[in-house]
Protein chains: 2
Amino acid sequence: MDQRHATALKAAGMKATPKRLAILEMLEAEPGYASPEELWKRLKDRFDRLGLPTVYRNLEELSESGVLSKVIHPNRQLYYYFCSNREHHHHFVCLSCRKVEDIPSCGIEALEHEVSKRNGGKVLSHILQLNGLCGGCADNEEKR
Amino acid sequence: MDQRHATALKAAGMKATPKRLAILEMLEAEPGYASPEELWKRLKDRFDRLGLPTVYRNLEELSESGVLSKVIHPNRQLYYYFCSNREHHHHFVCLSCRKVEDIPSCGIEALEHEVSKRNGGKVLSHILQLNGLCGGCADNEEKR
DNA sequence: ATCCTAAAACGAAATCATTTCTATTTAGAG
DNA sequence: CTCTAAATAGAAATGATTTCGTTTTAGGAT
């Protein structure tokens, strides 16, 4: 089951260490995004020694490799999310329960093209994230 | 000339203090985005007393009121940009010279609608920002 | 014009998420 | 099984941002 993760790590040119595998397992099991510290607290039990910096470092590296994705949060803390979707896509983030849903098509290619054409600039990356309430949380909201 | 800014502040329900006006003037004169500390350093000369926390607080308040806009930066520090465009729009940010250009149409309404329909969620806000090199910086890049 | 009060600003100190640093351990190629 | 570059530990540092109690001020009311 984590042969998948081991393979993903190798593909990203990273060693498949037990801690990295555990981080991936834990995040994959998570229904929503999680912070480095939250993950660390839960992971500590499974290792006699596990430093918080290790969790930070790995989450960042995994996110750079595209194995994990980062959530942009108003409180400016770091949150990560396991997303097996390897296509280009974006996320709808529930502000209430932290669930993250994929948004398949982003339609930004057209915008990028327009920007390049209009001002001669070159678009290197883009950030797109929808924030709101997921189906379940929106329902609960209404019942109040 | 800053009667405009005073009016904008009043409209946002904020007092038109000299320091707020100075912050707005300075940011408006700026070709690109700026950090709280940068603004503070330049503004200090114009007031016998000006605290960095005051600059932070005002930038945040002004951004919440929609008078200023915030830039999402990879280094996770705060940057602000004066944008007189009152229509809904987004920004193309030059990673090299900090210039910010408006992107008029964002086409996200369609995405929002799709998300609501598909999963029953409610989209409350969205983040969209293009990063890259502006026309001038892209040209310089090529000449190297 | 002056008064008055809520809002704004001071600035030193605190916060605290994130990063750095050096020594130690380990994955995995050979 | 060895060896080396990569990964980790853990304590300590960092530094942008925020807090707090006090003082000042903008601007509506008098």
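All figures in this text were calculated on a predicted structure; none of them were measured in a lab. Atoms considered below: every heavy atom in the structure, side chains included; atoms not considered: hydrogens, waters and symmetry mates.
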Of R20(B) and D48(B), whose closest DNA chain C nucleotide lies nearer the 5' terminus? R20(B)
Checking contacts here: which listed nucleotide (dT8(D), dA7(D), dA16(D)) is nearest the side-chain heavy atoms of Q77(B)? dA16(D)
Proximal nucleotide (of dT18(D), dG27(D), dA7(D)) relative to the K10(B) side chain: dG27(D)
Judged by nearest nucleotide, the residue sitting upstream toward the 5' end of DNA chain D, S35(B) or A16(B), is S35(B)
Specify the residue among L78(B) and K15(A) whose closest nucleotide of DNA chain D lies further upstream toward the 5′ end. K15(A)
Close residues, residues 56-75 of chain B, relative to DNA chain C [heavy-atom separation under 4.0 Å]: R57(B), N58(B)
Rounded distance in Å - [atom1] ([X]) to [atom2] ([N]):
X: R76(B); N: dG15(D); atom1: CZ; atom2: P; answer: 15 Å
X: K19(B); N: dT23(D); atom1: NZ; atom2: P; answer: 16 Å
X: F47(B); N: dT24(D); atom1: CZ; atom2: C1'; answer: 14 Å
X: L52(A); N: dG10(D); atom1: CG; atom2: C1'; answer: 11 Å
X: M14(A); N: dA6(D); atom1: CE; atom2: C1'; answer: 10 Å

Contact span of DNA chain C against chain A, any nucleotide atom under 4.0 Å from a heavy atom, 5' to 3', runs dA17(C) to dG28(C)
Separation between CG (L128(B)) and OG (S125(B)), nearest 0.5 Å, reads 12.0 Å
Between CG on residue L62(B) and CG on residue L27(B), distance to nearest 0.5 Å: 9.0 Å
Side chains of R118(A) and F92(B), heavy atoms from C-beta outward: is any pair under 4.5 Å? no
Would you call the rings of Y79(B) and H73(B) parallel, tilted or perpendicular, taking 30° and 60° as the class edges? tilted
Which class fits the ring pair H90(B) and H126(B): parallel under 30°, tilted 30 to 60°, perpendicular over 60°? tilted
Is R76(A) reaching over with its side chain to a backbone N or O of R76(B), donor-acceptor style, under 3.5 angstrom? yes
Any salt bridge between R20(A) and E61(A), counting N to O under 4.0 Å? yes
Whether E142(B) and K122(A) form a salt bridge (side-chain N of Lys/Arg under 4.0 Å from carboxylate O of Asp/Glu) is what I want to check. no
So if I apply the ring pair (Phe, Tyr, Trp, His ring centres under 6.0 Å) rule between H91(B) and each of Y81(B), Y33(B), Y80(B), which one comes out positive? Y81(B)
